Protein chains: 2
Amino acid sequence: MLTPPSDTHPEKGIVTQLRGYLAQLDLPEDGRLPPERELSAALGVSRTELRKALDVLEAEGQLWRHVGKGTFMGSRPLDTFADIAALARRSNPAEVMRARIVMEPEIARAAAFTATPADIAEMRMCLARSRQAETWRQYETWDTRLHRTIAEASQNTLLLGLFDTLNAVRRAVTWGRLRTDPVKPHADHHSFAEHEAIVEAIEHRDIAAAAAAMRTHLQTVERKLLDRQ
Amino acid sequence: MLTPPSDTHPEKGIVTQLRGYLAQLDLPEDGRLPPERELSAALGVSRTELRKALDVLEAEGQLWRHVGKGTFMGSRPLDTFADIAALARRSNPAEVMRARIVMEPEIARAAAFTATPADIAEMRMCLARSRQAETWRQYETWDTRLHRTIAEASQNTLLLGLFDTLNAVRRAVTWGRLRTDPVKPHADHHSFAEHEAIVEAIEHRDIAAAAAAMRTHLQTVERKLLDRQ
DNA sequence: ATATAAACCAAATGGAAATTGGTATCCAAC
DNA sequence: GTTGGATACCAATTTCCATTTGGTTTATAT
């Protein structure tokens, strides 16, 4: 499968010639260098020989290559997938709640700064729809969407991404213990008033109240969660 | 910008006609329904009138629309991206700092609760090493490790995972504008005292002070960051 | 006034064509 | 018989362009 590097003996000259050429070359921002076919022509060597030299530099970690993409100086960018499944495996509902209590009040605080009228309109719609929900399933859909709308309103794509990750883990952890009650949430379910308070605070640009209301809400949710176990 | 729904008075007949048509329609897996131009023809109404009816259904949350994509039944799906590269592409240094200021003070607060003596010992080592650093490169290594040790001390694998994600994005975003100064940090660099204050607060289990010290520190970093641009 | 039709726009999609690193084959040279 | 070069081919990826789609504007008619 893999050919041991020591198997071939590329002329050392080609490697050093390549090194010099690359050093003298001014690379684009991403460190991409010309395709092999051009490079071999520019250096006056065959593609086979050039590739042997490139093999050496790659083994040294000086560059990395990928089919269809090209050859790049530097080290290969990290495999960049926050493995949600792995996170969920290590975590548990209590941790998820603690993480929510850490993140979401501060997100709400930021949202109170930056929310647009459209954001607030969508929050209000989520409130209304969650009140009209006929099943817990529907209720949770609109509850989730309300919280995400608040995260969107923070106008920070990174915070939103972190929130989504947290949410994905939450779904994965909570999966299997979903509420399947046929009954629907009572009209005086604690979340209704608490959600209302959060949106109210955001609408009034009261950043401290927004954070506090979100914290209160999540702490209530946490208490209910622990009670049930 | 937004047209108030009450502004127009679409024939209620069209809305109910549309409701019926959609109910009778068997939708594809993704809930996508025919483009407006087809729908209006099928229903024998003008596109303008159809759109008014669609506006109603959208306001009710029964469907969502997006230019270029189409119109879909149900509620708008959340596009969850745990892809760090994608996150980094959409984000920027300012956002990263805001996200840090949101997350890390609260993480420090949690850490002040749960840090073990071993955690604190490691934090102190990071402090010492960062003071001894001979280059900015070294300094940043120990700075990063200090912040991560604090996240570890929160004893919450999910928070730690989110912190790591944030950090990966930070590295990706900051890439290319790394400090290459040959000089090393001054002995009175602001971070030294600020780091000290954070660890001190954690050690004394002063959760409020820990959060405050971390927030102060990151706000200083943010200020310096913006100054340089 | 209101509704309709038509045209236009920008976002998004889809697919063909071109590009690129990797691999196999054939052939000449020594 | 081994080595190296030229060529062709492969699959992953990108690039480019036409098309589609929801959103908006304009002109026309009733």
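As the structure is a prediction and not an experimental result, all values here were calculated from the model. In what follows, every chain begins at residue 1, and chains take the letters A, B, ... in the order their sequences are listed.
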Interatomic distance, [X] [atom1] vs [N] [atom2] [rounded to whole Å]:
X      : N       : atom1 : atom2 : result
L39(A) : dG21(C) : CG    : P     : 8 Å
L54(A) : dT23(C) : CG    : P     : 14 Å
L57(B) : dG22(D) : CG    : P     : 14 Å
D30(A) : dT14(D) : CG    : C1'   : 13 Å
I14(B) : dT2(C)  : CD1   : P     : 15 Å
W64(B) : dG22(D) : CH2   : C1'   : 12 Å
K52(A) : dG4(D)  : NZ    : C1'   : 7 Å
L63(A) : dT20(C) : CG    : C1'   : 15 Å

| Dot-bracket summary - DNA chain D, pairs being Watson-Crick or G-U whose distances fall under 3.5 Å, with | when paired to another strand | ||||||||||||||||||||||||||||||
| message | I'd like to know if D30(B) and K69(B) make a salt bridge, using a cut-off of under 4.0 Å between side-chain N and carboxylate O. | response |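 Looking at D30(B) and K69(B), the cut-off is not met.
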| From L43(B) CG over to E38(B) CD, what is the distance, rounded to the nearest 0.5 angstrom? |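 Going from CG on L43(B) over to CD on E38(B), the span is 11.5 Å.
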| To the nearest 0.5 Å, what is the distance between CD1 (I101(B)) and CE (M214(B))? |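 If we round to the nearest 0.5 Å, I101(B):CD1 and M214(B):CE are 11.0 Å apart.
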Side chains of [X] and [Y]: is there a donor and an acceptor less than 3.5 Å apart?
X       : Y       : value
T71(A)  : E36(A)  : no
T141(A) : R137(A) : yes
E194(A) : T220(A) : yes

| said: Here's a test for you: under side chain to side chain contact (heavy atoms under 4.5 Å, CB included), which of E222(B), H147(B), Q219(B), R215(B) qualifies with R100(B)? | reply: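 Filter result, single survivor: H147(B).
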| said: Quick check against the 3.5 Å criterion: does T114(A) have a side-chain atom that pairs as donor or acceptor with the backbone of A110(A)? | reply: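 Yes, the answer is positive, given that a donor and an acceptor are paired below the 3.5 Å cut-off.
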| task | Using a 4.0 Å heavy-atom cut-off, write out nucleotides 6-13 of chain D from 5' to 3' as B (base contacted by protein), S (sugar-phosphate only) or - (no contact). | result | S-BB--BS
| Is R51(A) near enough to dG22(C) that one of its side-chain N or O atoms lies under 4.0 angstrom from OP1 or OP2? |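 Answer yes for this pair, as a side-chain N or O of R51(A) is under 4.0 Å from OP1 or OP2.
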| query | Are R65(A) and dG22(C) close enough that a side-chain N or O sits under 4.0 Å from OP1 or OP2? | reply |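 So the side-chain polar atoms of R65(A) do come within 4.0 Å of the phosphate oxygens OP1 or OP2 of dG22(C), strictly under.
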| task | Please indicate whether R90(A) has more than 12 foreign heavy atoms, meaning atoms of other residues, nucleotides or ligands, lying under 6.0 Å from its CZ. | result |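 No, not enclosed.
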